[in-house]
Engineer: 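The structure under discussion is supplied below as structure tokens; questions concerning it will follow.
Proteins get letters first, then strands, A, B, ... in listed order; numbering begins at 1 in each. Source: prediction; values computed, not measured.
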Amino acid sequence: MQNEEIARIFHELADLLEIKGEEYFKIRAYRNASRILAGLDEPVKEAWKGGRLNKIPSIGKNIAAKINELLTTGNLKKYQELLEEFPPGLLAMITLPGLGPKKAGMIREKLGITSLEELAAAAREKRLRSLPGLGVRTEDEILRNIELRQSRAGRALLDLAGNIAAELTGYLELLPGVARVEAGGSLRRWKETVGDIDLVVASDDPNTVIESLAGHYRIANILEKGYDGAKFQTKWGIAVELEIVPEEVFTLALFRNTGSHAHFEKLQGLFEKKENPAAAALAGKIGEQDIYAMLDLPYIPPELREDRGEVEAALERRLPDLVKLDAIKGDLHVHSTWSDGLAAIEQLADKAKAKGYQYMAVTDHSRSLHIARGLSLDKLQEQHEVIRELNKKQEDFRILTGIEVDILPKGELDCPDEVLKEIDVVVASVHSAFKQDRETMTARLLAAMENRNVDIIGHPTGRLLNQREGYALDLERVLEAAADYGTILEINASPNRLDLSDVNARRAKEKGIKLAINTDAHDLKRLDEMPYGVAVGRRAWLEEKDVVNTMPAGKLLKYLRRR
DNA sequence: GCCGTTTTCGGCCCGACTGTTTTCAGTCG
């Protein structure tokens, strides 16, 4: 059992206890534990084996015993009991924005509703608006959010899909007779969410591969089975589709499987127009670049294969030289224990250094964000003093002073200019009043960008994938302003944000706007999420020069001070 | 349920916004 799974159980346990009406602090303790486990940089199992569970903060005697129970039996009695007491549909209900345990409990009591489907039906029949504390607006909001969720049903976030794919790939590779295994489909193209996990396997014995995977502990059941392929349901909900081919045609199969469909069709059109198609050569040990070469095209990386002009650009030899992960020289948005992060500045810096970075900006929350223990002005100064001291002890790495300053509802910043002026990296973000109308929200962001002390706008649209739409925003005007003022926009690499999106980041690039690819890490583990952000950048056609944190430290600092 | 040079019980405990009300409960970051 992996950290994320244990963390998820404690998270749901907290939700269930909240529905039950358990004491606030007990619920919070489970939430804290869940967060700590999800952010742990080593497998919980290792700490458990080594008898070090009690060394982990927020894990006390009780929760350690529950982790022990989970790792020993694979189950948690208390959790199972609560699941029986409260239908799982109720858990889904309280994850809807605007609907918490109280209202969900009341809806259940008054109308007997225990699932999203029933709730949607009741909303459509206008039966929610007459309940105490609910009205027409809440009813509309509930229905809108259920429909948003259903429209994305079954689509997994990249990290979950990637982790499952990696685990299954590792398993399949060890099977006798299996020569190669690769994930294809939208996962290989690093699309922001993934429908099915597509795996292409080179083997002469399809049946053994299918049977073996059917027995894997991640697999819940088999959905379809054919001679050279099968589809499975995993225990996490996401489906896995297997395509098994002889080794000689593996590359071709992977290429087709990777898609996108539109990209593939366009290339097929080119192929059919060719005068001397040399298709016979497409066997044996070829690579994907040989497929493109056969069409007189340079290699097109998977991230670009969306039929968004990449084939035309390849024909005209003007494909971008896409930014690569190893070009990233630092992370410009990281939280420490000074606000709501879980790791100390030194720990974060050590890990950043180990990644080969040259710098990292510590950007803790500003004073108004109380829930995140936003820093008072005094604390902020104190932190920056600490950072300056730490920098004296090292020459090959630079910790940059920073802040993630709230853009307050009226557009003013949550920190005086004279303080901001002295800070290396100022990330400005919206964390409150998300429901402002489009005009107000746009003006709010514009006001922040106009401030010359602001370097970067953090997670510019505020969306949470599969959870919440971004705030109402005239992004076109925001982009125009960013171009005018020279404000950097963030690509937030967290898999549940990926904000800006690939499409919007490409629009930004076309306007000459620079981007920063940041993890927004709140713990050591999430410093590892940079590849997701780089993938968004690549899907946005970004080159190294478009991304500010590919610059060496000195050049970056000069760039940030230019305004 | 966790935590402890304010130790083994009692503290932990924000504050704005929203939609519903007509003074506030529920939700959320």
Engineer: What's A/R28 touching, base or sugar-phosphate or nothing? Going by heavy atoms closer than 4.0 Å.
Structural biologist: base
Engineer: With a 4.0 Å cut-off on heavy atoms, is A/K410 in touch with a base, just the backbone sugar-phosphate, or nothing at all?
Structural biologist: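 Nothing, no nucleic acid heavy atom in range.
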Engineer: Using a 5.5 Å cut-off between ring centres and planes within 30 degrees, is A/F25 stacked on the base of B/dC2?
Structural biologist: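 No; by the centre-distance and plane-angle rule, A/F25 does not count as stacking on B/dC2.
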Engineer: I need the A/R468 CZ to A/T461 OG1 distance, nearest 0.5 Å.
Structural biologist: 9.0 Å
Engineer: Would you check if there is a donor-acceptor pair between the side chains of A/T95 and A/R149 at a distance under 3.5 Å?
Structural biologist: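 Result is yes, a qualifying pair exists.
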Engineer: Among B/dG26, B/dG19, B/dG29, which nucleotide sits nearest the side chain of A/H431?
Structural biologist: B/dG29
Engineer: Can you tell me which nucleotide in B/dT27, B/dG1, B/dG19 comes closest to the side chain of A/P101?
Structural biologist: B/dT27
Engineer: Pick base, sugar-phosphate or nothing for A/F434, based on heavy-atom distances below 4.0 Å to the nucleic acid.
Structural biologist: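 Contact class for A/F434: sugar-phosphate only.
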Engineer: Parallel, tilted or perpendicular: which describes the rings of A/H365 and A/H522, with under 30° parallel and over 60° perpendicular?
Structural biologist: tilted
Engineer: Base, sugar-phosphate, or nothing for A/P57, non-hydrogen atoms under 4.0 angstrom?
Structural biologist: sugar-phosphate
Engineer: Between A/G133 and A/K61, which is nearer to the 5' end of DNA chain B once each is assigned its nearest nucleotide?
Structural biologist: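 The residue whose closest nucleotide sits nearer the 5' end is A/K61.
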Engineer: Base, sugar-phosphate or nothing for A/V430? Non-hydrogen atoms, less than 4.0 Å.
Structural biologist: nothing
Engineer: Should B/dT8 form a Watson-Crick or G-U wobble pair with both distances under 3.5 Å, which nucleotide is its partner?
Structural biologist: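 Its partner: none found.
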Engineer: Strictly below 4.0 Å: does A/K103 bring a side-chain N or O up to OP1 or OP2 of B/dG19?
Structural biologist: no
Engineer: Could you check whether A/L99 gets within reach of a base, just the sugar-phosphate, or nothing at all, counting any heavy atom under 4.0 Å?
Structural biologist: sugar-phosphate
Engineer: Of the nucleotides B/dG19, B/dC14, B/dG1, which has the atom closest to the A/T138 side chain?
Structural biologist: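 Closest of the options to the side chain of A/T138: B/dG19.
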